[in-house]
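To keep things clear, I will list the structure first and then write my remarks on it.
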Amino acid sequence: MPKKNTKNPCSKTVRRRTFLKGAAVGLASFALPPAQADATFWESFFQKHFREMNEDELKSVMTRLEEEYREEYDVQFNIKATKPIDGVQYGYGLDLSRCIGCRRCVYACVGENNQSRDPQIHWISVLQFEKGHKWVNIFEEATKYYNPNEVPEEEYFYMPVQCQQCENPPCVKVCPTKATWKERDGITVVDYNWCIGCRYCMAACPYGARRFNWGKPRVSKEEYNADVHYLGNRPRYKGVVEKCTFCIQRTREEPGRYPACVEICPVGARKFGNLLDPHSEIRYCIENKRVFRLKEDLNTSPKFYYFFAT
Amino acid sequence: MVFNMLKIRSIKSAGWKRMGVYFVLSAVLIMNANLFAADDIPDYFVPPPPFSEDIFPCSDCHADMEVNETRRELDAHEDIVLKHAEGQRWCLDCHNPNDRDRLRLVSGQLISFEESYSLCGQCHGTIFRDWKAGVHGTRTGFWNGTKQYRLCVHCHNPHSPRFQPLEPLPPPIRPDDLKFTQSQGTEIPKNPLNSISKPESNHAKEKH
Ligand code: SF4
């Protein structure tokens, strides 16, 4: 085996932190007068990757963020970083024979997860297909802009789409900074302090489930949900990507509430539970209903099951 | 249930005529439907039935009335329109003529309004089964804790069970229509969901 050429600078691994430290020290010496560089600035600059932080580091980061948010939004957020529950893989079911396309779920999600009202961000898109449409896989042939006086309309059916929480998520593979990853309980999350906004993940997602903050997200003060998870619904920054987390701030608790979209749906089209629990509602659906997953041929293996109940 | 299954099998193996088997089978099933209806229900919280104001107990008015069993247009309860297999059914098929505060199953068994799912389950067996498994109906509560169950009548008007169409919430803004309203002082749009009454029940405003 040829000896590894250690002289080649490309084969040398420089850790991001080491690089940044060096660069920052170099830059700071002339770019930023030391007086202006307050502690929180440097703390956020050198914040470690979420998965490399220990409990104490995470705690101090969350306290710092709470403070930053309080200053910025005048809201006292309660940030938590609840860990996955052992023996749980979340699964979701959506009954296409029930959904009437009323979009209650879209806005329940907006409220629960502090999505920007302006510029507008929706994690859920309700697609409207003509009845008899053969391929629900081709989203281009559907519309999400339908707006009749009343739904459902006779000639159409509706298919809400949100993050499918793939077992094999293509978005995670392409992220150059590892700012998005799949957690032990199957939820793919984003660290908004680590995302650089390159939007590779948006290009990689076959379901169009990721959203980009083109502008500074705006939510009116009284509409903020202050119960937030670090990896979920905490306030986002301009230039970062976000998406559905199965309401991680609700579902990881013990006992954990159902996701907001499940609770609001007036026709009960939405189901949720633990895929590893043979008695869960989602397992009942998979075992007793004709389920399918979107774009199965891509081998993303979503944990989001569509079905038709009787 | 298992006991009955065994019985059915042994009857079959005894070589009875087909018709006989079916007769016994259906009799057994009907019995079962009533017997297991109540105790098969998980011990989950079911909120009280959504009565119209001041309507219950029915006996307040009906106690002194004579029971008239002829099928007819009523000159009371005008707000109720029966659109639920109305050709085959009328009031006293589900409401018990002699004790109006209870409902009546086809077997003649009386049940309380809190237990009305047994009545619906007589015909809608597959849906009753899904409901018990927590799959039919709106889910609220805790996915790994206490789940909130609703009665069928919390969402469906028993006299006219089909859902009424709803006004959809506004569609997303098209990228073409995006305006940069981000300048200081512009008002932040409110969540349109907050201005509608939450769909706790689809027919909350109707009476039954
Ligand atoms: S709330 Fe339920 S019925 Fe309405 S669009 Fe969402 S899934 Fe469909």
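Any value given below was found using the heavy atoms of this structure, including those in side chains, with hydrogens, waters and symmetry copies removed. Chain A is the first sequence line, chain B the second, and so forth, proteins listed ahead of strands; every chain is numbered from 1.
Residues Phe292(A) and Phe307(A) place their aromatic rings such that the two centres sit no closer than 6.0 Å. A distance below 6.0 Å separates the ring centres of Phe51(B) and Phe113(B).
Of the atoms belonging to Thr126(B), it is side-chain heavy atoms, and not backbone ones, that fall under 4.5 Å from chain A. If you measure heavy-atom distances from Asp277(A) to chain B, you find no contacts under 4.5 Å at all. Of the atoms belonging to Glu223(A), it is side-chain heavy atoms, and not backbone ones, that fall under 4.5 Å from chain B. For Ile85(A), the part lying under 4.5 angstrom from a heavy atom of chain B is the side chain only. If you measure heavy-atom distances from Glu253(A) to chain B, the contacts under 4.5 Å come from the backbone alone. There is no contact between Ala269(A) and chain B, counting heavy-atom distances below 4.5 Å. With a threshold of 4.5 angstrom between heavy atoms, Tyr145(A) approaches chain B through its backbone and through its side chain. For Lys271(A), the part lying near chain B is the side chain, with the backbone staying farther off; criterion is any non-hydrogen pair under 4.5 Å. For chain B, no part of Ser280(A) is nearby; none of its heavy atoms comes within less than 4.5 Å.
No more than 12 heavy-atom neighbours from other residues, nucleotides or ligands sit within 6.0 angstrom of NZ on Lys83(A).
Phe304(A) and Tyr306(A) have tilted rings, their planes meeting at an angle from 30° to 60° on a 0 to 90° scale.
Checked options Gln162(A), Lys303(A), Gln164(A), Arg270(A); the residue passing with Tyr92(A) is Arg270(A) (criterion: side chain to side chain donor-acceptor pair (under 3.5 Å)). Of the residues Trp123(A), Tyr258(A), Phe272(A), the one that meets the ring pair (Phe, Tyr, Trp, His ring centres under 6.0 Å) test with Phe246(A) is Phe272(A). Evaluated for a ring pair (Phe, Tyr, Trp, His ring centres under 6.0 Å) with Phe129(A), the options Tyr156(A), Phe139(A), Phe157(A) yield exactly one hit, Phe157(A).
Options Gly141(B), Gly137(B), Gly134(B), Pro192(B) differ in how many heavy-atom pairs under 4.5 Å they form with chain A, and the most are formed by Gly141(B). Listed options Gly256(A), Ala108(A), Cys285(A), Pro152(A) were ranked by heavy-atom pairs under 4.5 angstrom with chain B; first place goes to Gly256(A).
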